[in-house]
Amino acid sequence: MHAFYKDADFQFAVENLLGRAFHRATDVGEVLATIDRIPNGDAAAWVAQWTATADRVVEQARTAEAAGHARSAAARYLRAATYYAEAANMAGDPGFAQLWERHRDAWDRFVDLTNGIGDVAVERLAIPYEDTTLPGYVFRSGPADGPRRTLVFTNGSDGSVVGVWTRAAAAALECGWTVVTYDGPGQNAALVRQGIPFRPDWEHVLTPVVDHLVARPDVDPARIAVAGVSQGGFWVPRAVAYEHRIAAAVADPGVVDVSTTMLAQLGHSMVKLLDAGEREKFDRDMAWALKLSARTRRVLQWRMRPYGVTSPFDFFTAARAYTLTDAELAAITCPMLVTDPEHEQFWPGQSARMAEALTCDITLMPFTAAEGADGHCEPLAAGLRDERVLDWLDEHVPA
């Protein structure tokens, strides 16, 4: 695979951006022209240049909208939302929240303009959750002709709302699915606007979503599937171990222990402090290490934000709670598809580990470098991933 950057984070981001062109959430020329202005590892340039590209594209969208060109305006707002999200991902506070809001505004214009184009209908949701609501969307194609099979999409730890379209809605709508997505705790609007942090016990999130859906006349309660990407590959299996109204589930990839990717960054002495509960010493030593690396400071701030903590000790301790036991995996009763991409860089080996522990009907689905489909969540193989996953869902949740 061609390397655009030596920096692994930059390279992975570019692969995701190029892959999103399959569903028109980016344009290849815009991506290549923007990264040509960004030096390797320069986070400030990344934020500035993606913001500039997004600003330019959103102005083009407004011009098209004012001229009555709803389709082209919607397409441009979708791309602008992607580019603002890329800028936000590299921005510290308070820039992150400001750029996230611009990404969400562009997304919502895409949603509003898409609603009614052709046979696509989009509806905003407010899903009751504890003492508040979680925001979500329903996407449907064709006439409202009674209860349908419904795919519920669960995002990852840092996925923008555009991932709803590129990893679920666009392809599933073509196959006759109703697609529902929501911002769970620690995700998107639930984090930025409501201040709700992550939680590991995702059954307390998915069950209210299912409760809300089964009351709708356009949802068939017997044909609800759920898919999770990235850290959603932990949350979905965790939830369906307890929530048994799900007809089929997809984890892309399978994640048994979220904390491994974080703990791998710590030296042995730091892990010992963590194990011993030495919060003050751990945070003091971490502060010294963070002074030496702006990149590490930025990444740690980004990773801690959705956990709702500011102490590195609290972050690493919280991450350890995101672990699936063999008993929980054995409690899953619905058929499960677990993707297993070659060169998985965040949770290597965990898809196979999950599949081995499952006792339900399990499909472990490989994606390889020879297909151009390797890496976390198959960033450059959007079409192949959609085809395989949706074929599997067709077999387990018939239309």
Side-chain angles (χ1 to χ4, degrees), residues 151-159 163 167-168 184 186-187 198-207 210 224-264 318-369 371 373-379 381 384-386 388-393 395-397:
L151 177 61
V152 179
F153 177 79
T154 298
N155 218 329
S157 63
D158 50 34
R167 296 187 181 277
Q187 298 175 329
F198 282 162
R199 63 185 300 170
D201 50 351
W202 208 254
E203 65 275 16
H204 295 297
V205 181
L206 184 62
T207 289
V210 175
I224 298 175
V226 60
V229 300
S230 193
Q231 194 163 312
F234 163 81
W235 281 313
V236 163
R238 164 72 198 219
V240 298
Y242 297 90
E243 171 53 71
H244 295 296
R245 290 175 290 179
I246 303 301
V250 178
D252 179 18
V255 183
V256 178
D257 185 348
V258 171
S259 71
T260 57
T261 190
M262 293 85 159
L263 295 175
R320 283 180 154 178
Y322 292 70
T323 303
L324 289 166
T325 66
D326 285 348
E328 285 168 332
L329 289 169
I332 296 172
T333 57
C334 66
M336 276 209 67
L337 166 63
V338 178
T339 69
D340 188 18
E342 191 176 7
H343 304 141
E344 163 64 39
Q345 62 267 51
F346 299 115
W347 292 291
Q350 293 204 25
S351 288
R353 181 178 164 193
M354 177 178 288
E356 184 177 0
L358 289 167
T359 58
C360 60
D361 177 358
I362 169 63
T363 300
L364 184 65
M365 183 174 287
F367 288 90
T368 68
E371 301 168 310
D374 59 326
H376 182 63
C377 296
E378 310 82 37
L384 181 64
R385 181 193 65 236
D386 289 346
R388 288 182 179 170
V389 170
L390 288 166
D391 284 352
W392 184 89
L393 283 168
E395 293 167 5
H396 291 83
V397 190

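We number each residue from 1, following the sequence as shown.
Annotation: the span from D257 atom CG to Y322 atom OH amounts to 12.5 Å, rounded to 0.5 Å. We find the CZ-OG1 distance between R385 and T339 to be 9.0 Å, quoted to the nearest 0.5 Å. With values rounded to the nearest 0.5 angstrom, T260 atom OG1 is found 11.5 Å from R320 atom CZ. Between atom CG of residue L358 and atom CG of residue L329 there is a gap of 5.0 Å, rounded to the nearest 0.5 Å. Here Q231 contributes atom CD and W202 contributes atom CH2; the two are 8.5 Å apart, rounded to the nearest 0.5 Å. The structure places CG of D386 at 10.5 Å from CG of D391, a figure rounded to the nearest 0.5 Å.
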>> With side chain to side chain contact (heavy atoms under 4.5 Å, CB included) as the criterion, how do Y242 and E328 come out once you've worked through the C-alpha distance, each side chain's angles and the decisive distance to 0.1 Å?
In response: CA-CA 8 Å; Y242 297 90; E328 285 168 332; 2.8 Å; yes
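Counting all heavy atoms, side chain and backbone alike, N155 lies closest to Q187 at O-NE2, 2.9 Å. Here the shortest heavy-atom pairing between M354 and G233 reads CE-O, 3.7 Å. When all heavy atoms of S230 and C377 are compared, the pair lying nearest together is N-SG, 3.4 Å. A pairwise comparison of heavy atoms in P366 and L364 identifies CD-O, 3.4 Å as the closest pair. Contact detail for I332 and C360: the closest heavy-atom pair is O-CB, 3.4 Å. Of all non-hydrogen atoms in V255 and Q350, the two that sit nearest each other are C-OE1, 3.5 Å.
In this structure, the side chains of R199 and V205 come closer than 4.5 Å at one or more pairs of heavy atoms. Within the 4.5 Å cutoff, no side-chain heavy atoms of V256 are placed close to those of W347. Counting heavy atoms from C-beta on, the side chains of V389 and D252 never come closer than 4.5 Å.
Formation of a donor-acceptor pair under 3.5 Å by the T359 side chain with backbone atoms of A330 is found in this model. Panel note: side chain E243, backbone T207; no donor-acceptor pair is recorded below 3.5 Å.
If you run side chain to side chain contact (heavy atoms under 4.5 Å, CB included) between M336 and each of T363, I246, I362, only I362 comes through. The side chain to side chain donor-acceptor pair (under 3.5 Å) test with H376 is passed by exactly one of H343, E344, Q345: E344.
Residues that satisfy the ring pair (Phe, Tyr, Trp, His ring centres under 6.0 Å) test with F198, not counting sequence neighbours, are W235, Y307.
The neighbour count for D326 CG, taken as heavy atoms of other residues, nucleotides or ligands under 6.0 Å away, does not exceed 12.
The pair R388-E371 meets the salt-bridge criterion, with a side-chain N (NZ, NE, NH1 or NH2) lying under 4.0 Å from an Asp/Glu carboxylate O.
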